[in-house]
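Atoms within a ligand are numbered from 1 in the order they appear, just like the ligands themselves.
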Amino acid sequence: MRAFDLSTVMTRQLVTLFLTLLAFGTLPLVRCGAIGAGGTCSPNNTHVDPSTHKLITECDDKTFCTSDNAANGTIGTCQPRGCRRDEFPFGYGMTDALPPLCDRGTFCPDDGHGCEAIHDVGAACELARDEQCAPPKDEIAVVLASNQNSNGAICLNSVCMWANATLGQGCVIDDTTYVDTSSGTQLGNRIIRHNCRTPLLYCDPMALQCFPARLLGEACEMDMECRSHNCAASVCADPPGTVRTLQPWHYVVTILVVAISMGATATMLVMIHQRLRLRRHRELREYYYEQLSLRQSMFALHRRAASKMTGEKSYYD
Ligand SMILES: *[C@@H]1O[C@H](CO)[C@@H](O)[C@H](O)[C@H]1NC(C)=O
């Protein structure tokens, strides 16, 4: 009972500590509004955080701030979101009704006000939301598509385009640095995106021209310079999460080591068993000899007693 009480108290303290840490850790990061559905908000305060590039509104995570108001965009209301991007969107509870996902050919914008038809080349799009842009025809999309665009379409500097620039052609660069201040120190993550054909080409930020991307093991400065899109310690490396393939000699060595250790174990067990058997055999032999000598001395005693009896008998006769 005592142990139970103690553990309950400790669990409660741990939970409190965890919640406190969570609150302190996320407060400066989220900085999202807390106004719920139906509340009044100011669309003028809707902006993109300059360091994290997250869309900030005065409304909470389940609503967006309407801006189509007569009062010159200064008064809006927080309305429930009309769509979601993720299967499990942030801010919704287990039992909350979720807004719908968007169908093919439409997308859910960052503020979630409702699904919109995808935009053509040259139209506006939101940061790093390539799927808001209409891809080229299928036969071209197959050539242009890579994991750095959406079916060949890409959103650079808030404009939709296709990632179709070829070797030596001029290219467009979107240079965004995401700063994370949640850990106290500022951690920057610079992401450069471009409209050269990936993964074979990259856009040099100085020349603004497409150059061939480098192969594994070649020197690099930025991820985009590598075909693998991973520049680790100034050398193009396999992307994180690459499946490692084992060489045949890895298998041979592994099998040999397993076989040798199994053989050694078996040999040792056999030797120990033989020693134990030998010891037992010796014990049994000693026991046998002891019994034999005991028997012989008993016989001798008997014989002596019998001869003595015979001697006495002849004396009385
Ligand atoms: C390349 O993409 C742009 C749109 O970003 C398009 O206008 C242009 O026609 C394309 N060029 C080729 C050769 O497909």
Can you give me a line-by-line list of nitrogen or oxygen pairs between ligand 1 and the protein shorter than 3.5 Å?
unit_1: ligand 1; atom_1: 2 (O); unit_2: N164; atom_2: OD1; d: 3.2
unit_1: ligand 1; atom_1: 2 (O); unit_2: N164; atom_2: ND2; d: 2.3
unit_1: ligand 1; atom_1: 5 (O); unit_2: W162; atom_2: N; d: 3.0
unit_1: ligand 1; atom_1: 11 (N); unit_2: N164; atom_2: ND2; d: 2.8
unit_1: ligand 1; atom_1: 14 (O); unit_2: N164; atom_2: ND2; d: 3.4

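Side-chain N or O atoms of S42 include none that pairs as donor or acceptor with a backbone N or O of I75 at under 3.5 Å.
The side chain to side chain donor-acceptor pair (under 3.5 Å) pairs that include a residue from residues 233-259 number zero, where partners must be two or more places apart or lie in different chains. Each ring-ring contact (aromatic ring centres under 6.0 Å, His included) pair with one or both residues in residues 130-181, not counting sequence neighbours, appears once here: H53-Y178.
By the 6.0 Å contact criterion, CG on D86 is enclosed, its count of non-hydrogen atoms from other residues, nucleotides or ligands being greater than 12.
Residues satisfying the side-chain contact (heavy atoms from CB on, under 4.5 Å) test with V235, not counting sequence neighbours, are none.
Exactly one of T176, L127, L156, V172 qualifies for a side-chain contact (heavy atoms from CB on, under 4.5 Å) with R193. That residue is L156.
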